[in-house]
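Step one of this worksheet: look at the structure below.
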Amino acid sequence: MESITRFYPRIVWIALVSLESDDTSASPGGTVIRPLLEVPDGENQDLSPLANEIARQRPGKISVYQGRNGRYLLAKRAPAPSNAAVVLAIDARLLLEPEERPAWARLRLILDGQALLDVPAVDAGDARLPYIAEPHFESVIDGESQRLSLTLDRPVSLADFLPVKQLLGFAAVSGLALFVMMFALRQRAVTMESQRTIQKVEARALLRERETLLAHASRVNAMGEMASGIAHELTQPLTAILSRSQAALRLASADKPDIRPISEALEINVREAKRAGEMLKRMRDYASNRAPKPVTSSINAIVTETVALTAADLRQRGISLECGLAPEPVQALVDAIELEQVLHNLIRNAADALEGAGAKAALIRIETEAVNGEVQIVVGDNGPGITPDALQKLFHPFFTTKPEGMGLGLSLCATLVERVDGRIEAANIPGSGASFTIFLPEAQAQDTA
Ligand code: ADP
């Protein structure tokens with residue numbers, strides 16, 4: 001019995017008792033219980049009140065009885081004819097090791113409705129928020145008698161479902177993640193936008209480069225077309241210079257040469273040679289392939305240069321050219337060569353229209369004027385004019401009515417004028433040919449080219 005209590009510390013007391021009839025008792029047929037052997041535990045287990053009940057027990061069957069101080073008793077009778085019984089006292093508190101007890105629930109061991117053990121929950125739900133449920137677990141431990149039961153109760157508060165700290169932490173982490181994600185997306189959008197802008201700028205630069213190449217090719221081509229007129233223009237002064245020089249030589253070889261006619265002839269020769277040199281320079285500039293650079297320029301001067309370049313060709317084709325230039329200086333921010341090219345295209349188109357028309361005295365008239373902060377350059381002719389259908393498509397690339405035409409002249413003119421924030425419009429002069437007007441923002445009188 002001592003070994004049992006040593007190995008099973010929860011069994012705190014064991015006694016072997018004998019049950020004897022008590023004839024002296026006030027209640028006849030009563031039973032007296034007498035300990036035969038006992039492992040004492042300091043508690044004075046008084047079994048007398050249980051004597052009758054244990055005596056009534058069927059031999060071999062175990063019954064459970066209420067003890068004192070959180071104990072309960074198990075009693076078993078020996079088989080007849082013995083009148084002995086074994087009684088054990090069990091400390092309910094030792095049934096579960098403290099570390100085995102569920103700290104999250106209230107634990108009770110109940111015998112006959114009386115709690116032998118009642119351990120409150122250590123970390124119950126947060127009572128600051130209302131309890132929303134109290135799950136209850138109950139199990140009968142003593143199967144035979146069905147009297148000893150174990151219950152677990154766990155109040156569940158709203159806080160168990162909504163743990164405030166975790167929620168706040170989660171919200172903070174998700175907020176941060178969202179912010180990082182938004183930041184990354186924004187960065188990506190900005191990068192893509194910048195890339196698109198760079199691509200647009202690059203595409204525009206490439207287009208501009210190609211337009212400049214086309215403009216140059218077109219000028220070289222025009223120069224080829226003008227070659228015979230220009231050759232004629234240069235031959236005349238060269239022939240005159242030659243004959244004048246020969247005459248001067250003859251005068252100089254006389255015994256007493258008269259210096260005056262010789263120096264007069266030389267003066268004229270110098271003037272003529274300069275004119276021819278200017279013509280060659282004009283041609284070289286016109287055909288040059290330098291990058292365009294808009295500067296504030298005198299529009300009248302550009303018109304005069306263009307007229308000088310085209311005069312020979314027009315003369316050869318029997319076309320007169322008149323200029324009505326603004327008396328006051330008119331200026332605009334342009335690249336002189338490109339504006340010359342635009343004017344030259346318009347003059348050439350007018351000349352083509354006039355050649356086709358035949359008959360009347362072919363005339364091209366160029367006018368310059370400053371109106372309401374705009375410089376206007378009008379190139380008009382007294383040719384057949386433009387049909388309403390052609391008027392719609394004049395500036396479309398590849399629109400032409402000429403058998404040998406490319407249809408690029410006017411679209412290139414529009415591009416070059418738009419580059420310097422200008423525009424070009426075409427119209428018919430009622431009863432007399434076509435007119436093209438270039439509009440340019442007027443510039444202040446400074447940095448004149
Ligand atoms: P192309 O000279 O190669 O035809 P353009 O773009 O310079 O190309 O001109 C397009 C068309 O515009 C011409 O074919 C012609 O029909 C018309 N055009 C241009 N200028 C005049 C003008 N002054 N009078 C009548 N038609 C014109």
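Order of appearance sets the numbers: ligands from 1, and atoms from 1 within every ligand. This is a predicted model, so every value here is computed, not measured.
For the atom pair Ile377 CD1 and Thr368 OG1, the distance stands at 7.5 Å (nearest 0.5 Å). Interatomic distance, CZ of Arg365 versus OG of Ser435, reported as 12.5 Å (0.5 Å rounding).
Pairs engaging residues 298-310 under the salt bridge (charged side-chain N to carboxylate O under 4.0 Å, His left out) rule: Arg282-Glu305 [sequence neighbours left out]. Residue pairs satisfying the salt bridge (charged side-chain N to carboxylate O under 4.0 Å, His left out) criterion with at least one member in residues 177-204, sequence neighbours excluded, are listed as follows: Glu193-Arg196.
In this structure, ligand 1 sits under 4.0 Å from heavy atoms belonging to Asn349, Ala350, Ala353, Asp381, Gly385, Ile386, Leu394, Phe399, Thr400, Thr401, Lys402, Gly405, Met406, Gly407, Leu408, Gly409, Leu410, Ala434, Phe436.
Side-chain N or O atoms of Arg106 include none that pairs as donor or acceptor with a backbone N or O of Val119 at under 3.5 Å.
In terms of the ring-ring contact (aromatic ring centres under 6.0 Å, His included) criterion, residue partners of Tyr286 (sequence neighbours excluded) are, by chain and number, His344.
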